[in-house]
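Both counts, for ligands and for their atoms, begin at 1 and track the order of listing.
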Amino acid sequence: MNHFQVRDGELWCEGVRLADLAREVGTPFYVYSSATLSRHFEVFRDALAAHADQLGDPLVAFAVKANSNLSVLATLARLGAGADTVSEGEIRRALKAGVPGDKIVFSGVGKTDAELAFALEAGVYQINVEAEPELVRLARIAADKGVRAPFVVRVNPKVGAGGHAKITTGGAGDKFGVDAEEALRLYAEAAATPSLRPLGLACHIGSQITDLGPLEAAFGVMRGLVERLRGQGLEVSRLDLGGGLGVPYFNQQEPPSPEAFAAMVARTVGGLDVRYVFEPGRMIVANAGVLVSRVIHIHGRPDGGRRFLVLDAAMNDLMRPALYDAFHDIRPVRVREGASKLAYDVVGPVCETGDTFSRDRELPEAAEGDLVAFMSAGAYGAVMGSEYNTRPLAPEVLVREGQWSVVRRRPTYDEIFAREPAAAWL
Ligand code: LLP
């Protein structure tokens with residue numbers, strides 16, 4: 001459920017008309033609903049809490065990569081969310097938004113020495129180590145600082161899942177994590193290394209997962225590994241089960257509910273006497289955000305081939321269709337009574353054919369100047385934006401109960417150019 005609703009033939013976000021926002025901030029822009037953000041976080045947290053006997057008091061660390069806007073992070077931080085981060089920049093964002101260091105998880109396939117040092121200084125909750133050379137570097141950096149680095153080993157459970165090959169991370173051929181046997185060896189070695197504090201294991205097998213089966217299989221592998229480590233007399237106090245739960249992108253397979261997910265977790269890995277960590281991203285923010293864009297014009301081919309709805313948003317604003325053939329529902333912001341439906345190729349102004357949001361999409365007949373909203377764009381939307389074709393990054397607006405605030409400005413051209421000092425010889 002989300003708080004983007006049609007009222008009197010118009011799309012609103014929590015008591016704010018999207019058409020009013022378009023007039024105030026210009027298009028294209030992203031808009032997020034605080035109520036939806038909070039609701040999704042609470043639904044997930046409460047679903048886990050219903051199994052407190054098996055799962056204790058888990059850490060729900062929002063995957064910052066899905067939406068790293070500082071006000072979005074601050075909204076979640078106030079509800080008690082932690083942060084799953086993958087770069088120094090994301091750790092800095094989480095801290096700035098009010099997430100305490102001891103609720104920050106630092107994941108990522110290639111962390112630099114500087115980033116590892118920064119994470120230790122920030123006092124992060126844990127570093128999710130993804131490879132042996134990383135563990136070697138971490139041990140050295142922690143020793144130099146005279147601290148013990150708290151870490152878990154990310155295991156590649158050889159179970160991949162997800163909405164697209166490019167967002168599957170748990171398969172044997174994927175770059176993430178170490179295999180099970182190596183994880184056991186690294187863990188035992190680390191336990192004997194004074195500058196390392198092995199705490200447990202982590203996995204994350206993919207994103208936009210709509211079937212609990214692969215998650216259950218992966219978690220079963222994790223349970224077996226925890227038991228084997230303990231069998232060797234090693235202490236295990238944390239189990240990070242990643243994110244990945246899918247969301248309904250309108251016409252696609254319904255994802256499992258947070259309640260069904262939590263019940264499966266409790267059944268599969270509950271009662272292990274560890275602190276469970278979860279890293280949901282998409283399911284918290286996807287349906288809490290939309291991208292609003294204006295129709296520049298509509299043009300067709302005399303031979304009747306295609307009808308192009310040319311928008312002022314493009315692939316640089318919302319990459320997912322170009323990159324993953326992702327489907328986003330597109331809705332008119334003002335619904336015209338009795339409008340007939342027509343098939344449009346919905347495209348942006350960027351100079352490549354990949355800048356196509358959808359082919360042959362049935363939409364109510366549109367006209368120049370109309371506003372449309374790309375639904376479920378709150379996750380992996382603004383964060384993946386670029387300034388390709390020197391199109392300024394789309395601004396972001398956060399709404400809360402009839403109030404709204406621009407939480408990222410559209411940069412001016414001067415700001416864009418100021419980042420590019422002229423070469424000394426020019
Ligand atoms: N934890 C780790 C280690 C991850 O790699 C990811 C996502 C998450 C948590 C959060 O997963 P979520 O709950 O959001 O599924 N740009 C792509 C999605 C890439 C996801 C990568 N990892 C997209 O637009 O679909």
Side-chain angles (χ1 to χ4, degrees), residues 30 37 40-41 43-44 59-68 72 76 81-87 90 94 104-111 125-131 134 152-157 160-171 174-178 201-212 214-215 218 222 239-249 252 255-256 258 261 265 276-289 291 315 317-328 357 374 376-386:
Y30 279 92
L37 279 174
H40 288 177
F41 178 78
V43 163
F44 189 75
L59 173 64
V60 179
F62 171 65
V64 172
K65 63 171 80 67
N67 187 319
S68 59
V72 168
L76 294 171
D84 169 52
T85 61
V86 291
S87 64
E90 285 193 353
I104 295 178
V105 171
F106 187 28
S107 311
V109 175
K111 309 176 193 74
Y125 186 60
Q126 67 189 37
I127 294 172
N128 291 11
V129 167
E130 298 228 11
E134 178 175 284
V152 305
V153 180
R154 176 161 177 187
V155 176
N156 182 322
H164 188 277
K166 287 184 186 165
I167 57 174
T168 297
T169 54
D174 298 330
K175 66 181 176 179
F176 303 92
V178 300
L201 301 172
C203 71
H204 170 83
I205 64 170
S207 193
Q208 186 52 18
I209 299 173
T210 51
D211 173 8
L212 288 180
L215 287 167
M222 301 304 284
L239 185 57
D240 181 340
L241 297 169
L245 211 54
V247 302
Y249 281 107
Q252 291 170 3
F261 172 78
V265 173
Y276 295 89
V277 178
F278 297 89
E279 303 171 353
R282 191 189 308 268
M283 71 139 302
I284 309 287
V285 281
N287 290 320
L291 170 66
M315 63 189 289
D317 302 303
L318 180 64
M319 276 275 273
R320 304 192 67 256
L323 202 53
Y324 318 115
D325 294 318
F327 180 97
H328 286 268
F357 292 114
F374 287 85
S376 313
Y380 307 108
V383 278
M384 291 173 70
S386 75

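Listed by atom number, the atoms of ligand 1 under 4.0 Å from G243 heavy atoms are 9 (C), 13 (O). Contact atoms of ligand 1 toward D84: 1 (N), 2 (C), 9 (C) (distance under 4.0 Å to a heavy atom of the residue). Close approach to R154 involves these atoms of ligand 1, each under 4.0 Å from a residue heavy atom: 3 (C). Below 4.0 Å from some heavy atom of P280 lie the following atoms of ligand 1, by number and element: 13 (O). Close approach of ligand 1 to G281 (heavy-atom distance below 4.0 Å) involves ligand atoms 12 (P), 13 (O), 14 (O). Residue contact check: G244 has heavy atoms under 4.0 Å from atoms 11 (O), 12 (P), 13 (O), 15 (O) of ligand 1.
N67 contributes a side-chain N or O that, together with a main-chain N or O of G378, makes up a donor-acceptor pair within less than 3.5 Å.
Not a single heavy atom of M319 sits closer than 4.0 Å to an atom of ligand 1. Using a 4.0 Å cutoff on heavy atoms, R320 counts as a contact of ligand 1. Not a single heavy atom of A66 lies less than 4.0 angstrom from ligand 1.
Here the protein heavy atom with the shortest distance to atom 8 (C) of ligand 1 is H204 CE1, 3.3 Å. Scanning all protein heavy atoms for the shortest distance to atom 21 (C) of ligand 1 gives K65 CD, 4.0 Å. Of all protein heavy atoms, the one closest to atom 17 (C) of ligand 1 is Y324 OH, 3.1 Å. Closest to atom 14 (O) of ligand 1 among all protein heavy atoms lies Y380 OH, 2.6 Å.
Between V383 and K65, the shortest heavy-atom contact is CG2-O, 3.2 Å.
Under 4.0 Å from ligand 1, not a single heavy atom of L323 appears. Heavy atoms of E279 found under 4.0 angstrom from ligand 1 belong to the backbone as well as the side chain. Contacts of M384 with ligand 1, taken as heavy-atom pairs under 4.0 Å, involve the side chain alone.
No hydrogens or angles considered: a donor-acceptor pair under 3.5 Å links the side chains of N128 and Q126.
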